Trainee: 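Submitted below is the structure of interest, expressed as structure tokens.
Given the structure is predicted, the values throughout are model-derived calculations rather than measurements. Here is the naming used below: chain letters follow the sequence lines, and residue numbers restart at 1 for every chain.
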Amino acid sequence: MSILVNKNTRLIVQGITGREGSFHTEQAVAYGTNIVGGVTPGKGGEWVGKVPVFDTVKAAVEATEANCSVIYVPSLYTADAILEAADAGIPLIVAITEGVPVLDMIRVRAFLDRKGSRLVGPNCPGLLTPNEAKVGIMPGHITTPGNVGVVSRSGTLTYEVVYALTSHGMGQTTCVGIGGDPICGTGFTEVLAMFEDDPVTEQIVLIGEIGGTDEEEAARFIAEEMTKPVVAFIAGRTAPPNKRMGHAGAIIEGETGTAESKIKALERVGVKVAEHPEQIPELIASL
Amino acid sequence: MSILVNKNTRLIVQGITGREGSFHTEQAVAYGTNIVGGVTPGKGGEWVGKVPVFDTVKAAVEATEANCSVIYVPSLYTADAILEAADAGIPLIVAITEGVPVLDMIRVRAFLDRKGSRLVGPNCPGLLTPNEAKVGIMPGHITTPGNVGVVSRSGTLTYEVVYALTSHGMGQTTCVGIGGDPICGTGFTEVLAMFEDDPVTEQIVLIGEIGGTDEEEAARFIAEEMTKPVVAFIAGRTAPPNKRMGHAGAIIEGETGTAESKIKALERVGVKVAEHPEQIPELIASL
Amino acid sequence: MKLHEYQSKFRFAEYGIPIPKGQTATTASQAFTIAEEIGGPVVVKAQVLAGGRGKAGGVKLAHTPEEAKKHARVILGMDIKGLIVKKILIDPAVEIEAEIYLGITIDRAARRSVMIASSAGGIAIEEVAAKTPEKIVRAHIDPCLGLPNYQARNIACEIGLSRTLWKQFIHITSALYRCYEESNASLTEINPLVVTNGNQLLALDGKMTLDDNALFRHPRLAEMRDTDEEAPAETLARQADLSYVKLDGEIGCMVNGAGLAMATMDMTKLFGGSPANFLDIGGGAKSDKVAAALRIILADPNVKAVLFNIFGGITRCDEVAHGILSALGEVPTDVPMVARLVGTNEEKGRAILAQSNMITAITLAEAAQKAVEAAHGVSVK
Amino acid sequence: MKLHEYQSKFRFAEYGIPIPKGQTATTASQAFTIAEEIGGPVVVKAQVLAGGRGKAGGVKLAHTPEEAKKHARVILGMDIKGLIVKKILIDPAVEIEAEIYLGITIDRAARRSVMIASSAGGIAIEEVAAKTPEKIVRAHIDPCLGLPNYQARNIACEIGLSRTLWKQFIHITSALYRCYEESNASLTEINPLVVTNGNQLLALDGKMTLDDNALFRHPRLAEMRDTDEEAPAETLARQADLSYVKLDGEIGCMVNGAGLAMATMDMTKLFGGSPANFLDIGGGAKSDKVAAALRIILADPNVKAVLFNIFGGITRCDEVAHGILSALGEVPTDVPMVARLVGTNEEKGRAILAQSNMITAITLAEAAQKAVEAAHGVSVK
């Protein structure tokens, strides 16, 4: 078992003819992901390898019954691409692109809530269920099937941890990069809840970083709702103090947002927090 | 029994210090309606008769636990007043004001759907449950308690029908004026469903007029969902052909919208349609 | 309120929608000068707020300035469905490859604005909608998002627009929606939006209807109202904030509320008469408004009887009664009057009218019957 | 990107928010002229993108033009938290009855923008928030509605603003939100918004932070960037589209991804070293970008070793390796380098680096340890 993506995922790629889109489509196909189509306006009818290209998500969904979309379009077009996927009825949308304006994302997120589509990202590495589906840019060869659920706000730091897990023979159910932007589609608590409900996931690794209050909320959720053990790593102990947004930012964030605050919140609810990413397997072994 | 408003209605009046607001507050209080407060920005702390005035709906709700609001503010401020009531958690909002711009109402309606508040109106006479609550401008003395549910898109035409019912000894459960604007808060079908579920309502009178497709939708709903008998009157047989909105309006409306279309749709599903308003009691007696 | 073709197109142009570089004229010699400036074949188009002007001969192609002048002379002053043409638009003529329909209006049932498009644009679009509805593409617009590019692309795709035109089309649809929203329009329409032989999109005709209730926000648009295009009585009614439509019957009706007004009109017919007008004095009407309404009704020479039907809610019967008496004081008349006042302050209202020699009634049926009889010369007192 | 006080206030003024009629100066004699024009007491305010300028002596009251000139001479060139004051704002002094705080920013947890207000405005507002949170009023903003008047009224009511000021307050809050949204700001702040002794609201200070990701939409705002206010390395980094922050340590770090970059910095500390910088080369970085990054790191004289930690996803290890070699070709250096490349095309990347005499590592711990040893002069080859 796994969460969010698996063998039944019918994936389309928005921005499939672009440099990143075509490269990662090739990688995902090679991994065995079921990519049923791609979208690039104006290029409908072309092919990327064995994947048919459509002009619009609507046309792609009608032709392929896609149930998931991954977005590689430039940041300028990302908000529109997410809206397009949601309006076409795609239930799971994964936006890899970084640099999407925050106020665009507030508007997009409100639309998604109305439509009932789930977004992961933007500015995230995507999702990977080992040997089933690779939706995004996580390198497939560092993963292996197993019982550890991984959820992370970072990109490459996730790979670091997954690589360490795999090296220690600890496979993963699903690796989820939720992205580090201020407004993102899916937060820690939602993914934690899915891992809690997934029968195969036995332990969970949470990888956080400074800024925002998502880790603090995750700690509250772990204490109140979770039975499975969680280990964590928080990046940013040596980072310069978070550059806050004027007084307003300070009023909103209060004392939260620092690595210390997050580590304290997690440890207080019994989560073991690693000193460095490669220590994670050790902590899992000690559970 | 009744629908929407009754003895437990705790009403506030937005625009209570205005000419219409104060006049109809006096009338409603005299009728026995439980008016717990009023709102006029900048006049908080004053009184209208025995009704305390607040600056904001939020303050009024906190002080009075109001569960219904009736709006008499000028059309310029109506959209804002509706949003304010919904945001303050008022579950039933009745907007009497006419002349609210249509695009404002599209935006307001989308907000209400998100908030879960029900709006009746705008441009409507409001609601009246005989001997319990008068929310709006329907004259109380023409109504009497009984078993007929009345729902209407018109204002004064509703009074005409209610007056005829009362004169013939046919009392009402609740009289509902849903308003005649292109975008309104509550439509025929929603009120018909409530009357269907109300144990005391035995017959329903539906009063429609030319324009839109609400009567045609009501006919479909009556055929599919209703067990109680409905009689109807449709105004506008002699009206000049509906001035449609260009080609677009014609494309949207097709053949619907005329008195003939509505009468045909209703008669097709077994609804008796009166030739004139005062004929309604006769049709009910014949059921 | 409707805008003329030239007003609509000039407004579209403010939003960056390409339109023919035409000008308006009110005389034939102006038409000559404009055609000369344009320097090629031109189209002379009557500016009237009525459909079917093409069929009526109000649109003509001219190959030379002389010909434009000749056409202008014919079209100016022409009567199209009761409206006299006072202004013409001289547009450069365009070679057309294809005609697209593009419009935005309110979809009441969906509670949204909707963009409608078709590759089969032109005057027969309603027929297309009726006979081949699959050629009509609709896109409902989320008020929170406006018209995102993907929706415009979906439309372009579904009407089978050539890809070389997508960028222009997205630009035009987005501009048209902004124009619609920022004007508080209830209709904006480009029909046809043509593909020229140079593969450019061009708004050849334009139509806008504005929401009267929002004109207070748009003083510049409100000023565009062409009162020449209204019957004088309708102008007077609008200025007095009355809703009035002239009809062909003999019974003048003054009613509060649109629904009741229509029902009252229907009743005159039911009893063998015919309504002279629709007139809604609205809610809470005061005596000066009632007086204005009465003057408008009595100005119609066809009116043989007047029927007042007032059911008081916001409107108070005593004020209406005062209004009637005050208007009668100013406009003495022999036309018989039937009054029915019910509702708020009805006793006071009736008491006031008792001073006059009006025919009164209790029920609407009685009132309608008496009005018909009075109009037809039957004694009813 | 942050705007200066004067830039923020002038932008506010474009939206109709009342601000003092001040002007900027870059010399003391300009300050004299401006003070003379203003004609009463003025305030001379340092324009630097750093907090605490008041405490540092960067804000001074002057009663005469001579005094303004004297203050200007002191403030211009002043060093405030490492930034040199190059511009001052001369504002007319104002008699203040009360100070309000008003700001808009992103509330990540609520996924909304939020307006924050308090009757206890001024520099101690953070203390107010911590000690008396009930004095802080928040209103989350629905992106579909903007800031409706009722929300502004609720805020006015809840901060206990005098009713005589409500109309002005609603106007200012609505303008501030439009300014925030139409600038793609992540912060707009008026602190204090003062009540003058003439009972007028006036934005005495202003602050704006813009979303760098949306600057492409706002070329006029993007031009306001004051590169004088950045460390030169940060300007270079921004121009190369790199995210760089200078720190005080001795180990230069070049990493792809912000999280991994922070983790890498944390690791140098864990092994007894200290990071010289945060540097994220982003996803999919090409060789020219890597070369630019290396030049920036090596320009820091404190750097005793460089640690490359690249975990390839979008970024391809071979391109990073090319970038490192190309940069080393241009910037010959004796600083020891430790490289760790994992992920997409890692074999190719390692093969390329094998040509150079770099220290390599497989795990991050190993890499961090080797970098610390190299920096501290321990032989590790």
Trainee: Which of residues 47-57 of chain A get closer than 4.5 angstrom to chain C, counting heavy atoms alone?
Mentor: A/D55, A/T56
Trainee: To the nearest 0.5 Å, how far apart are CD in C/Q151 and NZ in A/K58?
Mentor: 9.0 Å
Trainee: Are there over 12 heavy-atom neighbours, none belonging to A/L76, within less than 6.0 Å of that residue's CG?
Mentor: yes
Trainee: Enumerate by number any residue of residues 25-36 of chain A whose heavy atoms lie under 4.5 Å from heavy atoms of chain C; in the absence of such residues, state 'none'.
Mentor: none
Trainee: Using a 6.0 Å cut-off, check whether atom CD of C/E134 has over 12 heavy atoms from anything other than its own residue.
Mentor: yes
Trainee: Could you tell me which residues in residues 81-94 of chain A have at least one non-hydrogen atom under 4.5 Å from a non-hydrogen atom of chain C, sorted by residue number?
Mentor: A/L83, A/E84, A/D87
Trainee: Mind listing the closest non-hydrogen atom pair of C/L145 and A/F111 along with its distance?
Mentor: CD1-CD1, 3.3 Å
Trainee: Could you tell me the separation between the SG atom of C/C144 and the CZ atom of A/R114, rounded to the nearest 0.5 Å?
Mentor: 4.0 Å
Trainee: Should we count CD of C/E14 as having more than 12 external heavy atoms under 6.0 Å?
Mentor: yes
Trainee: Do the side chain of C/R163 and the main chain of A/G44 share a donor and acceptor less than 3.5 angstrom apart?
Mentor: yes
Trainee: Any residues in residues 100-110 of chain A near chain C, with a heavy-atom distance under 4.5 Å, and which are they?
Mentor: A/R107
Trainee: Crowded around C/Y15 OH? As in, over 12 foreign heavy atoms under 6.0 Å?
Mentor: yes
Trainee: Check C/D142 with A/K115, please: is the shortest side-chain N to carboxylate O separation under 4.0 Å?
Mentor: no
